[in-house]
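Report on the structure given below.
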Amino acid sequence: MSGDHGERDSQVNSGSRANDSHKHKDKHKDKEHRHKEHKKDKEREKAKYSNSEHREHSEKKHRDKEKEKERLKHSDGSVDRHREKQKEEERLKHSDGSVDRHREKQKEEERLKHSDGSVDRHREKQKEEERLKHSDGSVDRHREKQKEEERLKHSDGSVDRHREKQKEEERLKHSDGSVDRHREKQKEKDKEKRREEKVKSSHVEGKPKKEKENGHAREMWSSPSPSPPPIKSEPEEDNGLYPSPKHNKTLKRERDEEEFEYKPKKMKTENGKKAKKRKQEYEDEEEEEEIKPKKKAKDKKAKKEPEEKWKWWEEERSTDGSKWKFLEHKGPVLAPPYEPLPGHVRFFYDGKPLRLSAPAEEVATFFAKMLDHEYTTKDMFRKNFYKDWRKEMTSEEKSKITDINKCNFTEMSEYFKAQSEARKQMSKDEKLKIKEENERILQEYGFCVMDNHKERIGNFRIEPPGLFRGRGDHPKMGMLKRRIRPEDIIINCSKDSKHPKPPQGTRWKEVRHDNKVTWLVSWTENIQGSIKYIMLNPSSRIKGEKDWQKYETARRLKKCVDRLRAQYREDWKSKEMRIRQRAVALYFIDKLALRAGNEKEEGETADTVGCCSLRVEHIKLYPKMDDQEYVVEFDFLGKDSIRYYNKMPVEKRVFKNLQLFLENKQPEDDLFDRLNTSILNKHLQELMDGLTAKVFRTYNASITLQQQLKELTSPDESIPAKILSYNRANRAVAILCNHQRAPPKTFEKSMQNLQTKIDEKQKQLSTTRKQLKGAKTEHKASHDDRSKKMVEVKRKAVQRIEEQLMKLQMQATDREENKQIALGTSKLNYLDPRISVAWVKKWDVPIEKIYNKTQREKFAWAIDMAEEDYEF
DNA sequence: CACGGTACTTAGCATTGGAAGG
DNA sequence: CCTTCCAATGCTAAGTACCGTG
């Protein structure tokens, strides 16, 4: 191994430096420059650490995570992505009490070490208090067990096996078996047991869900439209046409009847009046969601019920590359003109009031409105703002105002605060008026007609002027974002449509009729010089088709992913540097779901990277770390300056390659100097039609969801428990994709509130239980009807409260686990909605529990077409 | 192939509105 | 009925991908 490596090293390496292209040299120069800037920035940053919002933000996230990690004291070092897994494992390992106590002690110690983290401390304290509320010593054990049960709702020992399997599969997904050997052994055993288990359980279910062989056949049968319209030829599975609508309708009707039949099944083990009521509500909801549309569909001939229920996915689609044939709309809604401040609101310069000209005042108000934000204290922000502000000043103002630090905007700021306060305090009538006005605007401007259908527009308002705030450490923060005038706006619509009219006395920059694009309105923004668009809502045909197609591409990747993985593993051994780099990068993209990492213009945006643009400084190699070998530590800022931090053990070959790539490089050099996204994507295109780097993210996200749902859902759980399982599966994906969020400002408080509720419930429960006991004794004594009734009443009450308590605890768990994880992004952009729809149908979970109204609109196609046996 | 430009998806944060709770 | 609180929605920045051109 090493021999073969050494040889190649030299070969590869000799090419590496000598053949440096001009581009690379230039790049290097730039980098040096940037690096200096970078360093300066860093120093500055260090000096005024407390001032740096972003950094603090991400640091904090990091700190929390580190703590989490330490708390868990895990040998397996890979953090972010596997945090969830770890937690889970932790939970499972300690199902016997003695260990629990040990763990608590350990936690205690960890807690003491971290005297700085106020947040964590707070949370821990809370936990502590909760713990102390229990009076006897067995508390911890009891609580943990209880939690466990609620979480898993498994009735027997199959829990562990169940979980282990899931982990197993996750690991095997990437078929790099080199890791976690000692754990593996144990799992191997469990796996066997599981196999038996699986066979059993599938019989119990009554629906022997055969694996793929069958799944595919069935899929072709049952799914009304097996794949979306192709843009590029999609050979095997797709003839480029939708099945005929007629055919679909029959299928649909059949399914509706089926649903109807199954309905009684929805009756679960709920009891008590309230539960009944709730059940009734479910049914009612269903009636609204399911039956009404059916009725409407039947009435369709009689009444005209057009756009709302248009099923574009049942129609054929033009193949000539045009996006539409007809497009008519009313144009954008422009930002309201500036309203000068009332006379009593003053701006002070150097302690003296100064009346500003309208343009200068407007820009000043932008700053004033942001005064509460930390970034108005940042040097860069203030500098950029001041520079742009001066451009709006009269020459007199320019000469008077020479130092931004002498400007006092507070009175203006107060005024705006008062205004927004007043808005909140408005009477109902006034609020209603505003609402109606908004509704009118929506009706007028919010829709367009595209090919005979009325479609909702996404963002029909032109962005108002203001101060630009980029994310992270953006060099342009604070710059003035100009007001967009009609003269800046390009309109796109059909030649034969009624063109939108510009406001009186103005004209559009251009009216064009380009049906190769989907946008209705565009303009060029002045900060980055990029083009902004007005496009249709996600529920529209044009977006939906694209979305559907995206998932179909990902499904095609599923079919050949094994081949691809074998390929890149082979390429790790290539003689050519560029191929090795490509292969390693692809491995990262596949395994870690990294983004592609386009090059960006330096100095124009925050310094963030993706896979191909990773720099040497972003990874660290550890030949040995704890009990693992070949660990790579990633630490960089990704999209939106969200930090990606992860330690992952990799295969030896990858590790050696990385060492090779790092040779003779400076920290600010590119890790993959022979690679960029276009090279990578070109390569991918050759491997599979339509394949690009981002497809891997979609694929891995969706497949993970499907697997996790399979593993986490247990048939006899209650609905809330199932939803928790769903969220857990969703969360696994969000962690994979590194979808983070700042913990909500009110997080601690809301957690506390919830905990209070839980405690109250618990008290209530024990009181009611006592009452039940009392009633029983009384009944035993008297044996009369009244006391018998009483017992029944109390019994039901206990049951009801237990249920409520459980639900609350589920909620608490869910929220706690979600503290820094955003589920929305993956749900909206990465998870094939048909997986969720199938799951919902399989387990009779009301779809509203996982998709809100907007999401249901966006995924209408999936909700309509996916059956419960849908396989991604 | 670099590069500038365009179109479209993906992203997190701020605000809002309406349900739950008092 | 009013207030509180959170999920839904709105907003727009920041990515990916790909094209034409020289």
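Letters A, B, ... are given to chains in the order of the sequence lines, protein chains preceding strands, and every chain is numbered from 1. Everything numeric in this text was worked out from a predicted model, so none of it was measured.
Residue side chain A:K639 reaches the base of B:dT10 through a donor-acceptor N/O pair under 3.5 Å, judged by distance alone.
Side-chain atoms of A:R456 and A:S540 include no donor-acceptor pair closer than 3.5 Å.
Each of A:G458 and A:N852 lies near DNA chain C, and the nucleotide nearest A:N852 is the one positioned closer to the 5' end.
Put simply, CD1 on A:I462 is 13 Å from C1' on C:dT12, counting in whole angstrom units. A:N676 has its CG atom 17 Å from the P atom of C:dG15, to the nearest Å. The distance between atom CE of A:M535 and atom P of C:dA13, rounded to the nearest whole Å, is 15 Å. Following rounding to the nearest Å, A:W519 (CH2) and B:dC8 (P) show an atom-to-atom distance of 9 Å. Put simply, CG on A:D640 is 13 Å from C1' on C:dC11, counting in whole angstrom units.
Remark: A:K476 fails to qualify as a cation-pi partner of A:F468 under the 6.0 Å distance and 45° angle criteria applied to the six-membered ring.
Using a 4.0 Å heavy-atom criterion, one finds that A:S530 contacts no nucleic acid atom at all. Using a 4.0 Å heavy-atom criterion, one finds that A:G638 contacts the sugar-phosphate atoms exclusively. Contact annotation for A:N598: base contact, defined as any heavy-atom pair under 4.0 Å involving a base atom. In this structure, A:Y533 reaches the bases: a heavy-atom distance under 4.0 Å links it to at least one base atom across the strands shown. Across all strands, A:E525 comes closer than 4.0 Å to no nucleic acid atom at all (heavy-atom distances). Within the nucleic acid shown, A:G597 comes within 4.0 Å of sugar-phosphate atoms alone, with no base atom in reach, counting heavy atoms only. Within 4.0 Å of A:T605, counting heavy atoms only, lies no atom of the nucleic acid at all. Contacts of A:K481 with the nucleic acid, taken as non-hydrogen atoms under 4.0 Å apart, involve only primed sugar atoms and P, OP1 or OP2.
Listed for the A:N515 side chain is a donor-acceptor partner under 3.5 Å among the backbone atoms of A:W324. Checking side-chain atoms of A:N681 against main-chain N and O of A:A693 turns up a donor-acceptor pair under 3.5 Å.
Comment: A:R440 engages A:E437 in a salt bridge, judged by a side-chain N to carboxylate O separation of less than 4.0 angstrom.
Picking from B:dA14, B:dT9, B:dA11 the nucleotide with the shortest atom distance to the side chain of A:K694 gives B:dT9.
Taking side-chain N and O atoms only, A:S750 has a distance below 4.0 Å to OP1 or OP2 of C:dC6. Side-chain nitrogen and oxygen atoms of A:H373 include at least one within less than 4.0 Å of the OP1 or OP2 phosphate oxygen of B:dA14.
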Please list, pair by pair, any protein nitrogen or oxygen found under 3.5 Å from a nitrogen or oxygen in nucleotides 17-22 of chain B.
from, atom 1, to, atom 2, distance (Å)
B:dG18, OP1, A:K435, NZ, 3.4

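No side-chain heavy atom of A:H329 sits under 4.5 Å from any side-chain heavy atom of A:F460.
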